[in-house]
Protein chains: 2
Amino acid sequence: MSTASGGVSPGVRGEAKRRSVVEAATRAFLSEGYGAASMDAIAAEAGASKRTVYNHFPSKRDLFRAVVARLYEGLNAPGRVPSDRAPAEALTAFAHGLLTHLRRPEVTGLLRLVAAEHRRFPELSQDLMREGKGPAVAPLEAYLAALDARGELRVPSPPAAASLFLGGIKEALFWPGLFGLPVPEDGPVVDNAVRAFLRGHRVGEPRGTVTRAPDTPS
Amino acid sequence: MSTASGGVSPGVRGEAKRRSVVEAATRAFLSEGYGAASMDAIAAEAGASKRTVYNHFPSKRDLFRAVVARLYEGLNAPGRVPSDRAPAEALTAFAHGLLTHLRRPEVTGLLRLVAAEHRRFPELSQDLMREGKGPAVAPLEAYLAALDARGELRVPSPPAAASLFLGGIKEALFWPGLFGLPVPEDGPVVDNAVRAFLRGHRVGEPRGTVTRAPDTPS
DNA sequence: CTCTAAGTACACTGCACAGTGTAGTGCAAT
DNA sequence: ATTGCACTACACTGTGCAGTGTACTTAGAG
């Protein structure tokens, strides 16, 4: 009757099976997509009976959402900016770290899922921004703001600058891969982007450049 | 028996039905995805009988490929660069044109399809680059090369510069939309990207900048 | 040993869908 | 009018899959 005798703790043993189901489902959804992944295959791959799967998750949708939620949690690998190094090195390191992060199969698969299923599961999009992109670029924006505050660089709008910088890199080195296309070597592209960024944000610019935030609407 | 009497021309009448089937299939695939679109629904929406659909296309895969091929053809709306205007204006105009092009439902839907189905249909990716992206950015690269040749701007590697420029814009204004996320207003972001680009490619740079192509592999 | 929660094996329902077969209809050209 | 073709209506097969029901087994806690 007591909590300690009847339930011990709610699912110490069941938790293991549950995890293996979620892991198998993750692999299935990431590689096959929502529609093509079958519950029978997931159960088999998890070494569980189909009934057990349905005892943990009432429906395929629920299992899918659990999978995506867990993927978002595992996404927390926000590249740090080595701010003790010179800006060129710091930016280069951050860029490479972010690329490594973005190109993990879980991330590319998740992006493909969100894009493909954003009609059936509109709520996934919102979480993607909040839990994925936001935390990933925040350190860069903070670093740029610090550079600006120290007077090392002129960065009127860190978010805009970060977006420009990362977009320039991802355009060649990340997005093509999402569509199964080949990507060029990282090094030269990143170096070029870093040079362009530093050239564009030097202090002591003569004139004709941005001196305030890039004029977002009033 | 003769070609002129027996066949008249191969399918003058049948061509109309075929087109309406392809159009209905296009709508279905773009909005539902490959797996979720049903042949029954496509036939109904095309005002055709299911048998007619299968008389024109032996399988769902074939219909899908016909749809994608036709989408690639219709993609030929490569934004021109108004090269008679000042660089700032020309780049701004091109950017807005490209964004309009990219955000058409056919394009976003096609990208989602290619990303989602690139396991089942690997061949789609190759065509996407050749028929979609290549033609779209070529005018910009040519324009940048011309600016460099005229000595108006220093653009050592037009492809790299174009990629950096467009990536910076698409990062904020295009990719989020592909995932169902809101995008900010175009104007400020584009203006900012154009300013940054011009600042980074002025002639008469002191030193420490790129003077040759950014070192793509030998 | 005994009780109970969690898991298993497996047969089964219901459905949606790709693809086929067939008998018949509308529409041109000769 | 006749011939031939594209199209239709519709029934039908086969399959794969989400989800359920049930009787049986395992494993830990007292």
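Please read all numbers here as calculations on a predicted model, not as lab measurements. First the proteins, then the strands, lettered A, B, ... as listed; each starts at 1.
When rounded to the nearest whole Å, the span between CZ of B:Arg18 and P of D:dT8 equals 15 Å. Here the P atom of nucleotide C:dC17 and the CD1 atom of B:Ile42 are 11 Å apart, to the nearest Å. Between the CD atom of A:Glu15 and the P atom of C:dA5 there is a distance of 17 Å, given to the nearest Å. Straight-line distance from the CE atom of A:Met39 to the P atom of D:dT20: 10 Å, rounded to whole Å. When the C1' atom of C:dA16 is taken as reference, atom OH of B:Tyr34 falls 15 Å away, rounded to whole Å. When rounded to the nearest whole Å, the span between NZ of A:Lys17 and P of D:dA27 equals 11 Å.
The CZ atom of A:Phe174 sits 13.0 Å away from atom CD1 of A:Ile169, with the distance rounded to the nearest 0.5 Å. The CG atom of B:Asn192 sits 14.0 Å away from the CZ atom of B:Phe197 when rounded to the nearest 0.5 Å. Here the CG atom belonging to A:Asp186 is positioned 7.5 Å from the OG1 atom belonging to A:Thr100, to the nearest 0.5 angstrom.
If you check every strand for non-hydrogen atoms under 4.0 Å, B:Ala37 touches sugar and phosphate atoms only.
For the segment residues 44-57 of chain A, residues with any heavy atom less than 4.0 angstrom from an atom of DNA chain D are, sorted by number, A:Lys50, A:Arg51, A:Tyr54.
With distances taken from any side-chain atom of B:Asp40 to the nucleotides C:dC17, D:dA18, C:dG7, the minimum falls on C:dC17.
Phosphate proximity of D:dA18 to A:Lys60: present, with a side-chain N or O under 4.0 Å from OP1 or OP2.
Between B:Phe64 and B:Leu124 there is a side-chain heavy-atom pair separated by less than 4.5 Å.
Here the two rings, on A:Tyr34 and A:Phe121, have centers that are under 6.0 Å apart.
Remark: the B:Asp62 side chain and the B:Ser59 side chain contain an N/O donor-acceptor pair separated by less than 3.5 Å.
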